[in-house]
Amino acid sequence: MEYVNVGKIYTTHGLNGEVKVKSNFNYKDKIYVNGFNFYIGKDKELYKLRNYRKQNEYDLLTFETLDNIDKVIKYRGSFLYILRSNIKVDTYLNSDLIGLNVFYKNKNIGKVSGIFDAGHGNFIIDISGVFIPKNENFIEKVDLKNKKMIVKNMEGLL
């Protein structure tokens with residue numbers, strides 16, 4: 001099973017089992033629906049979403065069977081995951097890019113080793129120690145089937 005990290009539980013909120021999640025996941029509208037399966041923590045314990053609401057920069061989530069603060073407090077600082085197979089999108093997720101071979105002018109320049117949140121909806125791609133913004137000015141093509149990414153405008157970055 002391939003898990004996708006969709007956020008981090010920062011703290012609890014109130015006494016009824018609600019948690020504050022910080023997430024930069026692009027497809028919240030597809031996963032923050034009642035009954036959607038989430039996996040919490042390093043052991044990836046399965047819980048179904050019961051309720052979602054937004055508060056400032058946080059997503060407030062309540063899960064079935066986690067109905068009081070005593071049951072959720074142990075998850076503070078834990079990561080929140082979903083199964084990749086449970087979400088269907090027309091494009092790719094950031095996690096889909098990890099491990100792709102990257103080519104510039106038909107030369108392999110490395111692999112995508114990480115993607116980092118730069119804030120305000122911007123992401124930085126780490127290509128074997130070379131960092132580029134994740135946008136159409138640098139990414140020419142992503143081919144998940146052949147596990148490769150073609151980049152452009154890399155003059156001065158390599």
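Positions are given from 1, in the same order as the sequence printed here. Every value quoted in this text rests on a predicted model; they were computed, and no experiment measured them.
Among residues two or more places apart in sequence or in another chain, the side-chain contact (heavy atoms from CB on, under 4.5 Å) test is passed with Lys44 by Tyr3, Tyr39, Tyr81. For Ser113, the side-chain hydrogen bond (donor to acceptor under 3.5 Å, both in side chains) partners at least two apart in sequence or on another chain are Asp126. Residues passing the side-chain hydrogen bond (donor to acceptor under 3.5 Å, both in side chains) test with Tyr75, sequence neighbours excluded: Glu45, Tyr47. In terms of the side-chain hydrogen bond (donor to acceptor under 3.5 Å, both in side chains) criterion, residue partners of Lys48 (sequence neighbours excluded) are, by chain and number, Asn37.
Residue-environment remark: CZ (Arg84) exceeds the threshold of 12 foreign heavy atoms within 6.0 Å.
Judged by distance alone, the side chain of Lys88 and the main-chain N or O of Ser85 form a donor-acceptor pair under 3.5 Å. Judged by distance alone, with hydrogens and angles left aside, the side-chain atoms of Asp96 form a donor-acceptor pair with the main-chain N or O of Leu93 at under 3.5 Å. Here the side chain of Thr11 pairs no donor or acceptor atom with the backbone of Lys20 at under 3.5 angstrom. Between the side chain of Asn135 and the backbone N or O of Asn137 there is at least one donor-acceptor pair closer than 3.5 Å.
Judged by the 6.0 Å and 45° rule, Lys148 forms a cation-pi pair with Phe103.
Using a 4.5 Å cut-off on side-chain heavy atoms (C-beta onward), Phe131 and Ile125 make no contact. With contacts defined as side-chain heavy-atom distances shorter than 4.5 Å, the pair Ile150/Val102 does not qualify. Contact of the Lys141 side chain with the Met149 side chain is not registered, since no non-hydrogen atoms from C-beta on lie closer than 4.5 Å. At least one side-chain heavy atom of Met154 sits less than 4.5 Å from a side-chain heavy atom of Ile132. Lys147 places none of its side-chain heavy atoms less than 4.5 Å from the side chain of Lys111. Taking the side chain as every heavy atom from C-beta outward, Lys134 and Asn94 approach each other to under 4.5 Å.
In this structure, Val33 is a member of the same hydrophobic cluster as Phe25, with clusters built from ILVMFWY side-chain heavy atoms closer than 4.5 Å. No chain of hydrophobic side-chain contacts below 4.5 Å, direct or via other Ile, Leu, Val, Met, Phe, Trp or Tyr residues, connects Ile69 to Val21. Linking ILVMFWY side-chain heavy atoms closer than 4.5 Å, directly or via other members, places Leu83 and Leu80 in two distinct hydrophobic clusters. Phe38 and Ile87 fall within a single hydrophobic cluster, where Ile, Leu, Val, Met, Phe, Trp and Tyr side chains are chained together by heavy-atom contacts under 4.5 Å. Note on Phe36 and Val4: same hydrophobic cluster, where clusters join Ile, Leu, Val, Met, Phe, Trp and Tyr whose side-chain heavy atoms are under 4.5 Å apart, directly or indirectly.
Going from atom CD of Glu2 over to atom OG of Ser95 covers 6.0 Å, rounded to the nearest 0.5 Å. Here the CD1 atom belonging to Ile109 is positioned 8.5 Å from the OH atom belonging to Tyr104, to the nearest 0.5 angstrom. The structure places CD1 of Ile9 at 11.0 Å from NZ of Lys74, a figure rounded to the nearest 0.5 Å. Here the CG atom belonging to Asp143 is positioned 8.5 Å from the CG atom belonging to Leu100, to the nearest 0.5 angstrom. To the nearest 0.5 angstrom, Ile73 atom CD1 is 10.5 Å from Asn68 atom CG.
Between Ser128 and Gly110, the shortest heavy-atom distance links the atoms OG-CA, 3.4 Å. Thr91 and Tyr27 make their closest contact through CG2-OH, 2.7 Å (heavy atoms, listed as atom of the first residue, atom of the second, distance). When all heavy atoms of Ile31 and Leu49 are compared, the closest pair comes out as O-CD2, 4.1 Å. Shortest non-hydrogen contact noted between Lys152 and Ile139 is CE-O, 4.2 Å.
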**Message:** Apply side-chain contact (heavy atoms from CB on, under 4.5 Å) to residues Ile98 and Ile115 and explain how you reach the verdict.
**Reply:** CA-CA 8 Å; Ile98 306 294; Ile115 299 178; 4.1 Å; yes
**Request:** Could you give me the CA-CA distance, side-chain angles and deciding distance for Val89 and Lys30, then say whether side-chain contact (heavy atoms from CB on, under 4.5 Å) is met?
**Result:** CA-CA 9 Å; Val89 293; Lys30 295 186 181 293; 3.9 Å; yes
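Summarising the hydrophobic clusters (Ile, Leu, Val, Met, Phe, Trp, Tyr; side-chain heavy atoms under 4.5 Å, direct or chained), the residues clustered with Tyr58 are Tyr10.
In summary, Lys105 and Glu155 engage in a salt bridge, as defined by a charged side-chain N under 4.0 Å from a carboxylate O.
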Tell me which donor-acceptor pairs under 3.5 Å the side chains of residues 59-67 have, and how far apart each pair is, sequence neighbours excluded?
residue: Asp59; atom: OD1; partner: Lys54; partner atom: NZ; Å: 3.3
residue: Asp59; atom: OD2; partner: Lys28; partner atom: NZ; Å: 3.0
residue: Asp59; atom: OD2; partner: Tyr32; partner atom: OH; Å: 3.1
residue: Asp67; atom: OD1; partner: Lys71; partner atom: NZ; Å: 3.1

